[in-house]
> 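Pasting a structure here, questions to come.
Just so it is clear, the structure is predicted and the values come from calculations on it, not from any experiment.
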Amino acid sequence: MAQGEKDGPSVGLDTKEAWWGDVPVDRARHSFHPLRWVIVGCLFLLPAYIPIFIELAKPPVTASNYVIGGLLVGYGALYVTFPSVQSPGPRWLMFAHPVTMLAIGSVLVLVTESPYILLYASLVVVFTLPAAWGLILDGGALLVIFAVSWLDGQFGQRLSDYITVTSITAAVFFMARLVRAVRRLEMANAEISTLAVAEERARLARDLHDVLGHSLTTITVKAGLARKILERGGDVQQAITEVREVEGLSRSALSDVRATVSDYREVSLSAEIVGARAALRAAEIDADLPHAVDNVEPSLQRPFGYVVREAVTNVIRHSGAKRAQIRLGRNWVEISDDGKAAGPVPSGNGLNGLTERLTGVGGSLTASAGPRGGFVVRAEVPLDAEPASAPSARVEPAGGFA
């Protein structure tokens, strides 16, 4: 059996859980109106009860008639109340209720000579108990009835009725299995929908963080530079240039947000290098950046673009560095600075988002303090790596390497 088949959900009868597991109940959808079911259940009982009570009412009415009538009333009461045992309640009641009804039904079959009365108990058993217990109890009850009838010499006369009852019981058993399979599939679909929403929410949060984190950091730095120029009474034209760049960045950020929400936005490594150069210059950080990205595998330029964007943003926001460097290889990218960072790097939305992106292409991300101080962020993807399966949805609290 394939791994996927072994680990996947099963709705058939090929596992121990399918035979002995509890009946799946969707609490959000499972509900019933007690009075409504009492009325419907009584209507179901009438075809079998009317002829039996007519016979019991014929004189002479003996004590045994009253006993049989009482058993019929109790049997019907158990039938019209059986949906209640599927609601949260004691486990012993979920088992005792159908077993008691099956026992009474078996007695009624023997005293009324009507095997069809057992069908009501068979239905309750297969719809309220695990499949294995349904098979054991319903099959055992039929075998007991067949044995008693054989000993009385009545088996041959009632053989056609017994075949019909056995066939209907088997059909009800498999119908119950189908209902449970459908119920499990509905619950699985609801869970898949919830996970899909969570995954999309995480993707959108990650992408917005990547877009706005870099753009707003650059805008803040440029606005601060323009303010300092004006406060010092410096070159007004330079301040105006910085403000114009802030305006352009704001428009670009707005466009990126719209594209990200629509999932149309593409990240280019070369464009991120150019953006990093402008952002570092505005933050008065010396930048040692590559002039071309031709040596990087084309399939890796998009994820590496995200790495450059996030790492440069953190250099500007957190490092206090005076110099930053970006180095590229065929299947790796490394961003380092000479800031004052030391010790382990705390996790945050930025680092987690980059890790998820690189995991998706079979790569890895490391972020640590450099041997001479500052941060070193390195992303590497083995050239023979296979894309990993989509990571499970999660949303980390902001903080740390964000």
Side-chain angles (χ1 to χ4, degrees), residues 13 18-25 32 34 37-38 40-53 56 64 66-87 89-152 154-155 158-180:
L13 292 173
W19 278 103
W20 296 99
D22 290 337
V23 178
V25 177
F32 66 97
W37 174 248
V38 168
V40 174
C42 289
L43 292 176
F44 286 160
L45 290 170
L46 288 180
Y49 271 42
I50 289 176
I52 295 176
F53 273 106
L56 293 176
S64 62
Y66 286 107
V67 173
I68 295 173
L71 289 175
L72 285 168
V73 171
Y75 186 71
L78 290 173
Y79 178 71
V80 298
T81 58
F82 94 87
S84 62
V85 304
Q86 291 185 305
S87 300
R91 292 183 62 86
W92 66 266
L93 179 60
M94 296 177 62
F95 192 86
H97 185 285
V99 171
T100 302
M101 187 176 177
L102 188 64
I104 296 175
S106 300
V107 173
L108 288 173
V109 170
L110 297 176
V111 298
T112 63
E113 300 182 357
S114 175
Y116 298 99
I117 199 72
L118 188 67
L119 293 175
Y120 299 100
S122 299
L123 181 147
V124 171
V125 168
V126 298
F127 274 98
T128 57
L129 295 180
W133 281 115
L135 187 62
I136 293 171
L137 293 175
D138 282 346
L142 288 172
L143 289 176
V144 169
I145 292 171
F146 295 163
V148 173
S149 180
W150 180 274
L151 293 176
D152 287 345
Q154 303 293 323
F155 185 80
R158 301 173 186 169
L159 181 59
S160 61
D161 290 336
Y162 290 155
I163 292 176
T164 302
V165 170
T166 303
S167 301
I168 295 176
T169 301
V172 169
F173 173 82
F174 287 107
M175 183 176 68
R177 294 300 308 156
L178 178 61
V179 170
R180 294 178 188 183

> Name all residues meeting the side-chain contact (heavy atoms from CB on, under 4.5 Å) criterion together with Ala132; count only those two or more places apart in sequence or in a different chain, and write none if there are none.
Trp19, Trp20
> Any pair with a residue in residues 70-81 that passes salt bridge (charged side-chain N to carboxylate O under 4.0 Å, His left out), sequence neighbours left out, goes on the list, sorted by first then second residue, please.
none
> Nearest 0.5 angstrom please: Asp138 CG to Phe173 CZ, how far?
9.0 Å
> For residues 143-152, which side-chain N or O atoms pair as donor and acceptor with protein atoms under 3.5 Å away, sequence neighbours left out?
from: Ser149; atom 1: OG; to: Phe155; atom 2: N; distance (Å): 3.1
from: Ser149; atom 1: OG; to: Tyr162; atom 2: OH; distance (Å): 3.1

> What's the spacing between His97 NE2 and Phe82 CZ if we round to 0.5 Å?
8.5 Å
> With a 4.5 Å limit on heavy-atom distance, are the side chains of Leu142 and Leu118 in contact?
yes
> Would you name the heavy atoms of Arg180 and Ala131 that are closest together and state the gap between them?
NH1-N, 3.4 Å
> For a side chain to side chain contact (heavy atoms under 4.5 Å, CB included) check, start with the C-alpha distance between Val126 and Thr169, then their side-chain angles and the critical distance, and finish with the verdict.
CA-CA 9 Å; Val126 298; Thr169 301; 5.8 Å; no
> Identify every side-chain donor-acceptor pair in residues 69-78 under 3.5 Å, counting partners at least two apart or on other chains, and give the distances.
from: Tyr75; atom 1: OH; to: Ile117; atom 2: O; distance (Å): 2.5
from: Tyr75; atom 1: OH; to: Ala121; atom 2: N; distance (Å): 3.0

> Hey, does Leu43 have a side-chain heavy atom less than 4.5 Å from the side chain of Leu46?
yes
> Can you run down the salt bridge (charged side-chain N to carboxylate O under 4.0 Å, His left out) pairs that involve residues 107-135, sequence neighbours left out, and say none if there aren't any?
Glu113-Arg158
> Nearest 0.5 Å please: distance from the OG1 atom of Thr128 over to the CG atom of Leu123.
9.0 Å
> Can you sort out the partners of Val99 under side-chain contact (heavy atoms from CB on, under 4.5 Å), two or more places apart, ordered by chain and number?
Phe95, Leu137
> Among pairs that include at least one residue of residues 97-107, which meet salt bridge (charged side-chain N to carboxylate O under 4.0 Å, His left out), considering only residues two or more places apart or in two chains?
none
> List in chain and number order the residues that pass side chain to side chain donor-acceptor pair (under 3.5 Å) with Ser64, two or more places apart in sequence or in another chain; answer none if no residue qualifies.
Thr62
> Minimum heavy-atom separation for Met175 to Phe127, with atom names?
CE-CZ, 3.9 Å
> Can you name the side chain to side chain donor-acceptor pair (under 3.5 Å) partners of Gln154, sequence neighbours left out?
none
> Name all pairs fulfilling the side-chain hydrogen bond (donor to acceptor under 3.5 Å, both in side chains) condition that reach into residues 115-127, sequence neighbours left out, sorted by first residue then second.
Tyr116-Asp161
> If you compare all heavy atoms of Val125 against all heavy atoms of Gly134, which two are closest, and at what distance to 0.1 Å?
CG1-CA, 3.6 Å
> Can you tell me which residue pairs pass the salt bridge (charged side-chain N to carboxylate O under 4.0 Å, His left out) test with a partner in residues 68-83, sequence neighbours excluded?
none
> Side chains of Leu178 and Phe174: does their closest heavy-atom pair fall under 4.5 Å?
no
